[in-house]
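Predicted model only: the values in this text are computed from it and were never measured. First the proteins, then the strands, lettered A, B, ... as listed; each starts at 1. Computation of the quantities below employed the complete heavy-atom set of this structure, encompassing side-chain atoms and omitting hydrogens, waters and symmetry-equivalent molecules.
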2 protein chains.
Amino acid sequence: MKSYFKAPKVSGAVIKRLPMYYRFLFSLYNNHVERISSRELSHMMGITSSQLRQDLSHFGEFGQQGYGYRVDELLKIISDILGITNHYTGVIIGAGNIGRAILTYPGFIQRGFMVMGIFDNDPKKIGQTARDLYIKPMDELPQFLQEEHIDIGIIVTPAKSAQIAADVLVENGVKGIWNFAPTDLKIADNVIVENMYLGDSLLELFYKIKERSESE
Amino acid sequence: MKSYFKAPKVSGAVIKRLPMYYRFLFSLYNNHVERISSRELSHMMGITSSQLRQDLSHFGEFGQQGYGYRVDELLKIISDILGITNHYTGVIIGAGNIGRAILTYPGFIQRGFMVMGIFDNDPKKIGQTARDLYIKPMDELPQFLQEEHIDIGIIVTPAKSAQIAADVLVENGVKGIWNFAPTDLKIADNVIVENMYLGDSLLELFYKIKERSESE
DNA sequence: TAGATTGTTAATCGATTAACAATC
DNA sequence: TAGATTGTTAATCGATTAACAATC
């Protein structure tokens with residue numbers, strides 16, 4: 001079995017499928033499935049078995065001819081590849097509804113992610129609790145980021161405050177930003193930005209609905 | 001100018017970029033920019049001008065040699081292509097934090113989308129208000145969907161209730177489902193499903209952070 | 001062992017980019 | 001008009017799929 005700890009050069013298309021592999025393997029594991037073939041797994045996911053095997057081959061050899069893959073083993077490997085086992089930490093910037101919703105998102109624990117703080121600059125919100133955290137004022141953010149060695153900043157502010165928040169996050173050493181604000185952030189390219197543009201997703205749905213109704 | 005009302009056969013890669021074109025054009029329009037060339041616009045978006053022109057050419061001819069594109073015209077066209085001008089309606093299933101957050105998402109109005117109702121089956125939530133709506137019980141959902149001719153159901157329930165909600169939505173005529181629950185829905189394929197898997201997006205961010213730190 | 005299934009190579013398919021004639 | 005920029009064709013690049021020898 002080759003090591004999967006070296007950084008291989010992997011295309012964006014493959015990277016986008018890794019979380020899906022994780023999701024399906026996690027579910028199989030929870031259902032006490034011991035082994036699975038590329039044929040079965042790919043069929044569940046709606047892709048070809050060639051693609052599944054090709055994707056995995058970027059990281060190593062994890063299966064066995066004539067047998068398939070051990071679910072627990074492959075889940076562990078995909079988790080390592082994704083960095084789940086690094087136990088990243090984060091803070092949430094913005095204590096509105098989305099901020100609070102994200103704070104309690106159950107998928108985080110499963111993925112080894114821990115939100116350590118939530119910040120806002122609305123005096124009415126500061127000092128309130130959300131989950132088990134006090135909402136802190138923005139001017140305490142820099143110190144908090146450094147002392148707690150926060151990896152990821154989650155931006156759920158209105159669009160106009162997002163860039164300011166991003167700048168503070170980057171200046172104080174976060175490695176990545178998960179951005180829910182509907183705006184393009186300007187960020188030094190040693191920091192990774194992942195955008196969650198709700199509007200874009202909704203418009204894609206619109207387009208497909210329209211396309212479908214036109215083809216009838 | 002060719003018509004863009006015929007349903008052309010357009011690849012998923014192109015469809016995914018359409019909302020981005022909308023976003024940038026909307027911003028230019030708000031900043032009172034009158035015209036833009038494919039070179040300038042593509043540069044802003046971080047793609048090639050070839051790709052931009054190639055993408056638009058699937059739908060018609062909207063530019064002018066030696067001039068470029070009129071921003072207002074192109075914005076209108078992209079809006080029509082995406083179906084924004086259809087003024088779709090929706091309901092939210094699940095009145096937790098995410099449900100309430102989505103209800104007040106400012107991007108909806110801009111995109112011609114109107115949330116007409118919000119439903120939950122928690123007796124404590126039913127009857128409360130969210131935005132200007134009373135939270136309704138799930139057993140009123142079928143009638144509501146039919147009477148109001150709802151186009152889109154937004155699922156923000158826990159994973160275990162999502163499939164039940166989806167079934168009710170489909171039985172009562174929605175054309176699309178926007179799913180925030182971390183589960184794969186089984187849906188008749190005349191209904192479009194768009195999944196917002198927060199967990200997948202976060203894991204993609206993890207991967208890129210890990211990859212970046214390994215390449216140093 | 002025989003059957004099953006992997007990992008990989010080669011072939012195919014599709015998407016992106018380059019280049020340029022057409023033309024405003 | 002001359003310069004700029006489109007829409008489109010052709011070339012390139014990359015991703016997906018098919019096929020199969022290797023082997024458990």
Review point. At under 4.0 Å, does any side-chain N or O of B:Arg35 touch on OP1 or OP2 of D:dT5?
Key: yes
Review point. Of the nucleotides D:dT16, C:dC20, C:dT17, which one has an atom closest to the side chain of A:Arg17?
Key: D:dT16
Practice item. Starting at atom CG of A:Leu41, determine the distance to atom P of C:dG7, rounded to an integer number of angstrom. Key: 13 Å
**Study point:** Atom pair distance, as rounded to whole Å: CG in B:Leu56 and C1' in C:dT16
**Key:** 15 Å
**Study point:** Canonical and wobble pairing (Watson-Crick, G-U, under 3.5 Å) of DNA chain D, dot-bracket with |
**Key:** ..||||||||||||||||||||||
**Study point:** Atom pair distance, as rounded to whole Å: CD in B:Glu61 and C1' in D:dT5
**Key:** 14 Å
Practice item. For A:Leu52 and C:dT5, give me the distance from atom CG to atom P, rounded to whole Å. Key: 13 Å
**Study point:** Pair B:Tyr105 + B:Phe108: ring centers closer than 6.0 Å
**Key:** yes
**Study point:** Lys/Arg N to Asp/Glu carboxylate O, B:Asp80 vs B:Lys76, below 4.0 Å
**Key:** yes
**Study point:** Nearest-nucleotide comparison on DNA chain D, the residue closer to the 5′ end among A:Tyr67 and A:Val14
**Key:** A:Val14
Exercise for review: Compare side-chain N and O positions of A:Tyr69 against OP1 and OP2 of C:dA4 and report whether any pair is under 4.0 Å apart.
Suggested key: no
Review point. Nearest to the side chain of B:Ala13 - C:dT17, C:dT16, C:dT8?
Key: C:dT16
Review point. Does the side chain of B:Phe144 reach to within under 4.5 Å of the side chain of B:Asn172, using non-hydrogen atoms?
Key: no
Check your understanding: OP1, OP2 of D:dT17 versus side-chain N and O of A:Thr48: anything below 4.0 Å?
Key -> yes
Review point. Think B:Ser38 has a side-chain N or O under 4.0 angstrom from the OP1 or OP2 of D:dT6?
Key: yes
Check your understanding: Between A:Tyr197 and A:Phe180, does the ring centroid distance fall short of 6.0 Å?
Key -> no
Check your understanding: When all nucleic acid strands are considered with a 4.0 Å heavy-atom cut-off, which category describes B:Ser49: base, sugar-phosphate, or nothing?
Key -> nothing
Practice item. Mind listing the closest non-hydrogen atom pair of A:Tyr22 and A:Leu82 along with its distance? Key: CB-CD1, 3.8 Å
Exercise for review: Name the nucleic acid region contacted by B:Gln64, choosing base, sugar-phosphate or nothing; use a 4.0 angstrom heavy-atom cut-off, strictly under.
Suggested key: sugar-phosphate
Practice item. Establish whether the base of C:dA18 is bridged to the side chain of B:Ser50 by a donor-acceptor pair shorter than 3.5 Å. Key: yes
Check your understanding: What is the distance from CD of B:Gln65 to P of D:dT6, rounded to the nearest Å?
Key -> 9 Å
Point to revise | Donor/acceptor link under 3.5 angstrom from A:Gln54 side chain onto base of D:dT17 | key: yes
Point to revise | Exercise: do A:Arg39 and A:Ser49 side chains pair donor with acceptor under 3.5 Å | key: no
Check your understanding: Can you tell me how far P of D:dC13 sits from NZ of A:Lys9, to the nearest Å?
Key -> 14 Å
Exercise for review: For the side chain of B:Arg53, starting at C-beta, report the closest nucleotide among C:dT6, C:dC20, D:dT16.
Suggested key: C:dC20
Review point. In whole Å, what is the span from the CD1 atom of A:Ile47 to the P atom of D:dA15?
Key: 15 Å
Check your understanding: So, B:Ser37 versus B:Glu40: side-chain donor-acceptor pair below 3.5 Å or not?
Key -> yes
Check your understanding: How are the rings of B:Phe206 and A:Phe113 set relative to one another: parallel (under 30°), tilted (30 to 60°) or perpendicular (over 60°)?
Key -> tilted
Exercise for review: Round to a whole Å and report the spacing from CG of A:Asp55 to P of C:dT8.
Suggested key: 13 Å
